[in-house]
Amino acid sequence: MLRGKHILIGVTGGIAAYKVCYLVRELVKGGADVKVVMTEAATKFVTPLTFSALSGHDTVSDLWTSNQSTNSEIGTRHIDLANWCDLFVIAPASANTIAKIASGQSDNLLTVLALATTRPLVLAPAMDADMFINPVTQKNLATLKERGCFVIPPAEGEHASGLRGPGRFPDIDPIVHFIEDVLNKVTQDLKGKKILVTAGPTYEAIDPVRFVGNRSSGKMGFAIANAAALRGATVTLVAGPVHLETPRNVKRVDVESAKHMYDAVMEHVKKADAVIMAAAVADYAPVSPAKQKIKKQAKQETLELSLASTPDILASLGEKKKGTTLVGFALETENGLANAKEKLKKKNLDLIVLNSLSDEGAGFESDTNVVTIIDKKGKSEKLPTLPKFDVANEILDRVKKLL
Ligand SMILES: Cc1cc2nc3c(=O)[nH]c(=O)nc-3n(C[C@H](O)[C@H](O)[C@H](O)COP(=O)(O)O)c2cc1C
C-alpha cells in the first residue's frame, strides 16, 4: 500500500516529535516517498536535518524562504506540496495546530498546506492528558472528524510530565497500519463520477417558529458524501437542517423543507451518475402554515393540524430514471425487510438500505450503524455494526459496481 505513495509528514512542536523520526523511517522502508514540513516550534525538538537525512528530501519549515525540495519557486511552494502528496499526516499534532486547522488559520507553512490540500488529512494528536481532554481540544477534533479528517486515537499511559491518561503518541506500527488503512479507503476508484447525496431531516413549517420534523441527525448521509469525495467522486450534498460540518471537497446545498429538497435534487440530478437519498424527508407537511405564531387559546384543549403529502422525491427520480443509479433508505419499525423490498420495487430503485432502530449501535445520533443492503434481485445482506464511514464505503462499493 505504501509503495510509490507520496506522503507529506507535518511535524509540530510536541515532545513526541522525536518519535516521528521512526515513523518517517518506517514509511520510507515501506516504499513511500516522504517529505517533511515542520512548524518553527517543532524545530526546537528535532532538527530539520534529521528528517532530511531520513526522508532523502529537504525538510521545509519557513513559509518565506525558497528551497530545492519541491523544485518550485517560492511563489507556489505552499501549494505545490499540497498537490504533491497523496496523504498529509500531521504527527505529532499539537493542540495549537489542531486548533488552528479547525478554525482555518494558516500562519505558517504547515497550516497553509493543511488548508490548501484537497488530499486526505490524518492527524495524530499527542499532548499532555489534561490538554487532550480539555473540551476545546475535543471540540476541535470532533470538528475536524466531521470535516472528514482522520484522527489517530492517542494511546493512554504515563506522559513526560508524569500525568497518566490519554494523549500519548501511539507506537509506530499502529500508526503505519492506520496510514495504510486510510490509503486503502481513499483509492480514487470513483474519480470522474458525479454523486448526489441527500442527508438529514426536513422541517415543515407550522408557523414562523414551529415545525414538523424528525430525529434524523444527517450523520449517515454526511458520511456517504465524505467517503465518496475521498474516493475521488464529485459530490453534491443536499442537506436538511443539521448541525454538521461540511466534509472536505463536498459541495453542500442547504435546504429546509421537503419541497426545497425536491427542487434542489431535481436541479442537481441532471448531471449525477448516482443519487443516494439518505435524507429522512417528511411524508406530510402542514397544509397552510400560519403566517403569524399560533397563540395559545385559554379554553382550547386541542389543536388540529391538517397535513398534506409532500412531493415524493425518490418516486419522481425512479420514474424519470435514465441510467442513473438510484439508492434509497428505509427505516421501518415493523416488517422491515418486506417493506424495504416493496419500496425498492415501487420506486424503481437499484439498491435500498434498511436502517435498524432496534439493534445496538444503530440509530440517528449514533456514530455507528447496522444496515441491511438489498439489491434489485431481492438479495439482502445484513452488515455488522460498523462506523457510519465504513457503512458508507460498503454502500459505495455496491454503487460502483452498478455505475
Ligand atoms: C517541552 C515542551 C513540550 C511540549 N509538548 C507538547 C505536546 O506534547 N503537545 C502539544 O500539543 N504541545 C506541546 N507543547 C506546547 C507547544 O510546543 C506549543 O503550543 C507550540 O506553540 C506549538 O506550536 P506548533 O503547533 O506551531 O508546533 C510543548 C512545549 C514545551 C516547551
Side-chain angles (χ1 to χ4, degrees), residues 7-24 34-52 54-55 57-65 67 69 77-79 81-82 85 87-117 121-145 147 149-172 174-175 178:
I7 298 182
L8 181 63
I9 300 284
V11 187
T12 71
I15 201 81
Y18 76 94
K19 297 186 182 173
V20 179
C21 298
Y22 298 96
L23 175 64
V24 170
V34 179
K35 291 185 182 179
V36 179
V37 53
M38 301 175 81
T39 61
E40 196 193 335
T43 65
K44 312 269 186 216
F45 292 84
V46 180
T47 67
L49 184 64
T50 308
F51 285 115
S52 299
L54 291 166
S55 68
H57 293 287
D58 269 357
T59 298
V60 288
S61 60
D62 189 350
L63 188 57
W64 306 110
T65 53
N67 69 75
S69 172
R77 181 158 55 98
H78 58 299
I79 304 296
L81 268 180
C85 64
L87 194 70
F88 187 10
V89 183
I90 301 178
S94 66
N96 175 56
T97 291
I98 289 168
K100 282 187 185 177
I101 298 174
S103 64
Q105 289 182 57
S106 51
D107 61 353
N108 61 41
L109 185 55
L110 188 151
T111 48
V112 165
L113 288 165
L115 193 61
T117 192
L121 202 53
V122 176
L123 295 127
M127 62 203 70
D128 227 38
D130 286 344
M131 290 172 84
F132 182 72
I133 59 174
N134 190 311
V136 73
T137 303
Q138 290 301 313
K139 172 82 184 75
N140 289 332
L141 287 169
T143 300
L144 291 169
K145 278 192 205 171
R147 285 190 205 142
C149 299
F150 296 89
V151 176
I152 306 180
E156 291 216 17
E158 191 168 323
H159 292 258
S161 63
L163 256 185
R164 292 192 71 84
R168 270 175 59 89
F169 195 71
D171 291 339
I172 301 304
I175 299 183
F178 192 101

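All ligand and atom numbering here is 1-based and tracks the order in the structure. Hydrogens, waters and symmetry mates are skipped; everything else that's a heavy atom, side chains included, is used.
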Write out the residue and atom name of the closest protein heavy atom to atom 6 (C) of ligand 1, then the distance separating them to 0.1 Å. Gly14 CA, 3.6 Å
So, taking the atom named OG1 in Thr39 and the one named CD1 in Ile90, what distance separates them when rounded to the nearest 0.5 Å? 10.0 Å
Identify the protein heavy atom lying closest to atom 22 (C) of ligand 1, giving its residue, its atom name and the separation to 0.1 Å. Asn96 ND2, 3.8 Å
Decide whether Thr111 and Asn108 meet the rule of one side-chain donor and one side-chain acceptor closer than 3.5 Å. yes
Donor + acceptor pair across side chains of Asp58, Ser52 (<3.5 Å): no
Answer yes or no: does an N/O atom from Ala42 fall short of 3.5 Å to an N/O atom of ligand 1? no
Which residue and non-hydrogen atom of the protein lie closest to atom 11 (O) of ligand 1, and at what distance in Å? Ala95 N, 2.8 Å
Under 3.5 Å: N/O of Thr12 near N/O of ligand 1: no
Which protein heavy atom lies closest to atom 17 (O) of ligand 1, and at what distance to 0.1 Å? Gly13 O, 2.7 Å
among protein heavy atoms, the one nearest atom 20 (C) of ligand 1 is Ala41 CB, 4.1 Å
Any N/O of Ser94 closer than 3.5 Å to an N/O of ligand 1? yes
Backbone of Met127 reached by a side-chain donor or acceptor of Arg168 within 3.5 Å: no
Could you tell me the residue and atom name of the protein heavy atom closest to atom 9 (N) of ligand 1, and the distance to it rounded to 0.1 Å? Ala126 O, 2.9 Å
Using a cut-off of 6.0 Å, state whether more than 12 heavy atoms not belonging to Glu40 lie near its atom CD. no
List for me each residue that meets side chain to side chain donor-acceptor pair (under 3.5 Å) alongside Lys19, sequence neighbours excluded, and say none if there are none. none
Quick check: closest heavy atoms across Phe169 and Ile172, and the distance to 0.1 Å? CE2-CD1, 4.2 Å
So which atom in Ala129 and which in Arg164 form the shortest heavy-atom distance, rounded to 0.1 Å? CB-O, 3.9 Å
Between Met131 and ligand 1, which residue portion shows a heavy-atom distance shorter than 4.0 Å: side chain, backbone, both, or neither? side chain
Decide whether the shortest distance between a heavy atom of Phe45 and an atom of ligand 1 is less than 4.0 Å. yes
Establish whether atom 13 (C) of ligand 1 and some protein heavy atom are separated by less than 4.0 angstrom. yes
Atom CD1 in Ile9, atom CG in Leu54: separation rounded to 0.5 Å? 11.5 Å
Within less than 4.0 angstrom of ligand 1, does Ala16 place any heavy atom? no
Nearest non-hydrogen protein atom, atom 5 (N) of ligand 1: Ile15 N, 3.4 Å
Measure from the side-chain N and O atoms of Thr59 to the backbone N and O of Pro48, and report whether any donor-acceptor pair falls under 3.5 Å. yes
Once you restrict to heavy atoms under 4.0 Å, what part of Thr39 touches ligand 1? Side chain, backbone, both or neither. side chain
